[in-house]
Enquirer: 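Pasting in a structure now, in structure tokens, and then I'll have a few things to ask.
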Amino acid sequence: MRREIYRFDRYFYFFLKGVAICLPLLLIGIGGFLLNASLPSIHQFGFDFLGTKIWDPARDNYGILAFVFGTLISSLIAILIAAPLSIFTALFLTEVASRRLQKSASFIIEMLAAIPSVVYGLWGIYVLAPFLRVYVEPFLGKTLGFLPLFQGPSYGVGMLAAGIILSIMIIPTITAVTKEVFLSIPNSYREAAMALGATRWEVIKMAVIKTGSAGILGAVILGLGRALGETMAVTMVIGNRSDISISLFAPGQSMSSVIANEYSEATSSLHISALLEIGLVLFLITFFINSLARVFVWRASLRGSTR
Amino acid sequence: MSSLSEQMEHTFRLRNLKSYCMLAMIVLAFVVSALPLFAVFAHIIKLGFSALNFDFFTKLPAPVGESGGGLANALLGTAILVGIASVIGIPWGVSIGIYLSEYGKSKTASVVRFCVDMLVSIPSIVVGLFIYELIVIPMKGFSANAGGVALSILMIPTIARTTEEILKLIPAHVREAGLGLGIPRWKVTLFIIVRGSLMPISTGVILAISRVAGETAPLLFTALSSRFWFDGFNKPIASLSVQIFNYAISPFEDWQSQAWGGALLLVLFVFVVNLSVRILLLRTNTSKGKQI
Amino acid sequence: MRPLLDVQNLSAWFGKQQALKNISLGVNPNSVTAIIGPSGCGKSTFIRCLNRLHEEIAGAFLQGNAWLEEENILSAQVDPVSLRRKIGMVFQRPNPFPSMSIYDNVASGLTLSGIKRKSVLNEVVEKNLKLAALWDEVKDKLSQAGSSLSGGQQQRLCIARALAIGPKVLLMDEPTSALDPISTAKIEELINELKQEVTIVIVTHNMQQAARISDKTAFFLLGDLVEFAPTSELFTSPKDERTERYITGRFG
């Protein structure tokens, strides 16, 4: 009788475990399917696929260097803007704001993450890009125009617009993780710094930023991972031109945007295969970046919990 | 030693000044970070409100070049896609969450947890490509099913993660109390642990739904889009987000205006869901606090 | 003898709850003053008022005067940040900064003040690690992380860190409560020697410890200072009935 009752426990466990194990299989499946589907392209182009910038569907000749460049540069701009803003915003939320303000301020930042990518794209096309074209880019050209980064005509849409949109989208990610890292730092470090006669900023620097540095790095890498894979908003504001240009004002193309733009219209099987290989590369890069971030964040939380 | 303390006194003013400057920077950083939210809200309300009329909610899109029409099919389409995703994603995600919190110490569990983390941050367009290969090509066509499955893959890890975190908050003695009474583990788990947390779990689920409702990239080449009403689960289907995208990059002002209208609806939906979930959670938390 | 630190009518609150009620107490220079009492009696709050850490807690505030030499350290004109260089503190749990080396931990108070000269720092680090009786154990591994040391060593490192800025008064908040008996004995020995350098106010939950190391003892109960007397007097012939009951273990 007793064994009858408890037998279901085993079934229950095996059911849950079975359902859960589907998840690793799913991840392997995603990698496997993408690899399998990109084999024709891999066979045809080998490593040249990554190393050339000619992307010519008319002649079935594919190289993604320009898109890799576009993805990296736009993400880099995003990180350069978002990382300092997010770290400071997290400091505001955990160290500066009063408890009442903290809640509503956190909500505002979380809402940034809740706005769909396509809405950011829409806003980017019709509000941000014209603003950049009319005000920001001419200004940058005038003041910093001696740098090749800020030369050339202002289009509005382009690398800079993509970077800025991405930065807005990853600020909530980096802020949220950094905030968790800061909250996990025991108060005793803050008090130790205070007792040494540290000013408020010095307390933050000594006890919070330094102690949480591994976690901050993890958060920034996580933000980078998100920026690299972001599609819709980037597709809508990056300008969609497959070329490499030093100027941040110039339009470009990212790995994800080329997939979004060309997939439904691709006709030749090699074209489709090449697009899938971009997906595979994107998958591998983000997988690597996110595992890296996980290591850092995990280490930081470990340090916080052992003290 | 006295020279040292003199030196300290000397730098003191400078340090205080620096501290105030940095604190001001911290406040400023928050303001700058929050600014886009208000900018996006303001523009969406300004440009989107005028597009929302009776036709918008009831009519099909107008043919190219004609003005008027609405996004009724896209609204319905998004509801159907999210419905399919929920049917697959909610039970699956919650089950994984239960597994991770109740049997989470094994090696298998840590592998699964790692996969959850990876899937949470996988680019959604990659999921679209995967479903294209997995479903669209074998079934020889874009379909509502394919779109729904793609969205479900995005839902599962978020739901699994929030469920795990919520269930972990329940102290061990609650489980032990149940087990100590001789109640089988599966009953303890389902009827004590999960039922007791039904409220926060469902808020997590609702948040996940609101997130996938705005997803666009994985739908582009799975559900595709459609100018007509829902026509069966194995046919392409319109969705609000894809329609916003198509209209946004179109040259027609009328469509652009409808894109703003759609964006307003989407953002309003997300905002209301987030706000009500927060208020709901706050209320249950405080009432629990009073009981104890 | 005129007290180095003269506390007059100190009261402290957490929000609406009063934690200290009108405390007056004088601390003699180069002495050890122990604060004892049951937990929740306000003894930690008392010393946290003296370096103004109390008011860093949201909703907490205080009232009263405390004279350190000629300066009223509780007045609004005194900047708590500069005050804390005159009144150092060691905490209940050892808390060396985890991202800093042993050397950097000791030097941290000085580098904050913009003192960067290596020769000065070297001298200060060595002197204070010797004062804290830690030098011989760590002199070959100064660049290792402070958190790599044992608990007792970490606490002595924190003492060295607090001493390095040259405070006049050192506050200790149950510094041995997280340590094993051997480390505790070492710290007690250290406190005895440090008296020559600095005036110490120590909070302890352990009456034997107070009896072993202190010159004067204050007994706190529910935010009141019940009795303040030379240690031997307080433990042998307490004047107040509540003190007697506490030290004989009849409540608390």
Side-chain angles (χ1 to χ4, degrees), chain A residues 87 91-106 178 181-220 296-307, chain C residues 44 47-48 50-59 79-101 104-114 145-147 151 154-155 157-167 169-173 178:
Chain A
I87 295 165
L91 287 173
F92 177 77
L93 297 178
T94 60
E95 313 294 321
V96 178
S98 66
R99 201 166 291 173
R100 287 191 63 155
L101 192 57
Q102 213 170 13
K103 281 205 173 128
S104 36
S106 295
T178 315
V181 171
F182 291 165
L183 286 178
S184 76
I185 294 173
N187 232 349
S188 65
Y189 295 138
R190 296 182 182 88
E191 293 195 332
M194 271 182 227
L196 286 175
T199 61
R200 257 183 107 179
W201 164 247
E202 285 160 352
V203 171
I204 289 172
K205 199 170 71 173
M206 275 173 108
V208 181
I209 298 181
K210 267 198 182 162
T211 310
S213 51
I216 296 175
L217 189 60
V220 172
F296 279 111
V297 174
W298 177 72
R299 254 198 216 149
S301 66
L302 202 69
R303 184 184 255 168
S305 64
T306 48
R307 287 288 326 144
Chain C
S44 282
I47 63 166
R48 289 169 62 92
L50 300 181
N51 67 349
R52 309 267 298 261
L53 266 187
H54 175 70
E55 62 204 69
E56 303 287 346
I57 298 167
D79 189 316
V81 173
S82 66
L83 165 70
R84 288 175 196 143
R85 283 210 318 272
K86 296 177 194 141
I87 301 186
M89 187 163 192
V90 174
F91 295 83
Q92 208 166 9
R93 304 185 121 260
N95 53 2
F97 297 117
S99 56
M100 291 186 195
S101 67
D104 289 342
N105 260 293
V106 181
S108 55
L110 293 185
T111 43
L112 271 184
S113 320
S147 46
Q154 284 190 20
Q155 194 60 300
L157 177 62
C158 292
I159 293 174
R161 180 176 68 185
L163 291 173
I165 42 176
V169 179
L170 184 63
L171 308 172
M172 302 179 111
D173 189 0

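Residue numbers start from 1 in every chain, and the chains themselves are labelled A, B, ... in the order their sequence lines are given, proteins ahead of strands. The model shown is predicted, which means the values in this text are computed figures rather than measured ones.
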Enquirer: Side chain from CB out, backbone as N, CA, C, O: work out which of these in I87(C) comes under 4.5 Å of a heavy atom of chain A, or both, or neither.
Expert: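 Answer is backbone: N, CA, C or O of I87(C) sit under 4.5 Å from chain A.
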
Enquirer: For F91(C) and A192(A), which heavy atoms make the closest approach, and how far apart are they?
Expert: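 It is CE1-CA, 3.7 Å.
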
Enquirer: Check this for me, if you would: do E191(A) and R48(C) make a salt bridge, where the nitrogen-to-carboxylate-oxygen distance has to be below 4.0 angstrom?
Expert: yes

Enquirer: Select all residues of residues 194-203 of chain A having any heavy atom within less than 4.5 Å of some heavy atom of chain C, and report them by number, or 'none'.
Expert: M194(A), A195(A), L196(A), G197(A), A198(A), T199(A), E202(A)

Enquirer: Out of E56(C), Q92(C), R52(C), M89(C), return the one with the most heavy atom pairs under 4.5 angstrom to chain A.
Expert: E56(C)

Enquirer: When heavy-atom pairs shorter than 4.5 Å are enumerated against chain A, which of L83(C), L112(C), N51(C) gives the highest number?
Expert: L112(C)

Enquirer: Is L53(C) in contact with chain A via its backbone, its side chain, both, or neither, using a 4.5 Å heavy-atom distance?
Expert: side chain

Enquirer: Using every non-hydrogen atom in the two residues, find where F97(C) and Y189(A) come nearest and quote the distance to one decimal.
Expert: CE2-O, 3.5 Å

Enquirer: Which atom names give the shortest non-hydrogen contact between S99(C) and T211(A), and what distance separates them?
Expert: OG-N, 3.9 Å

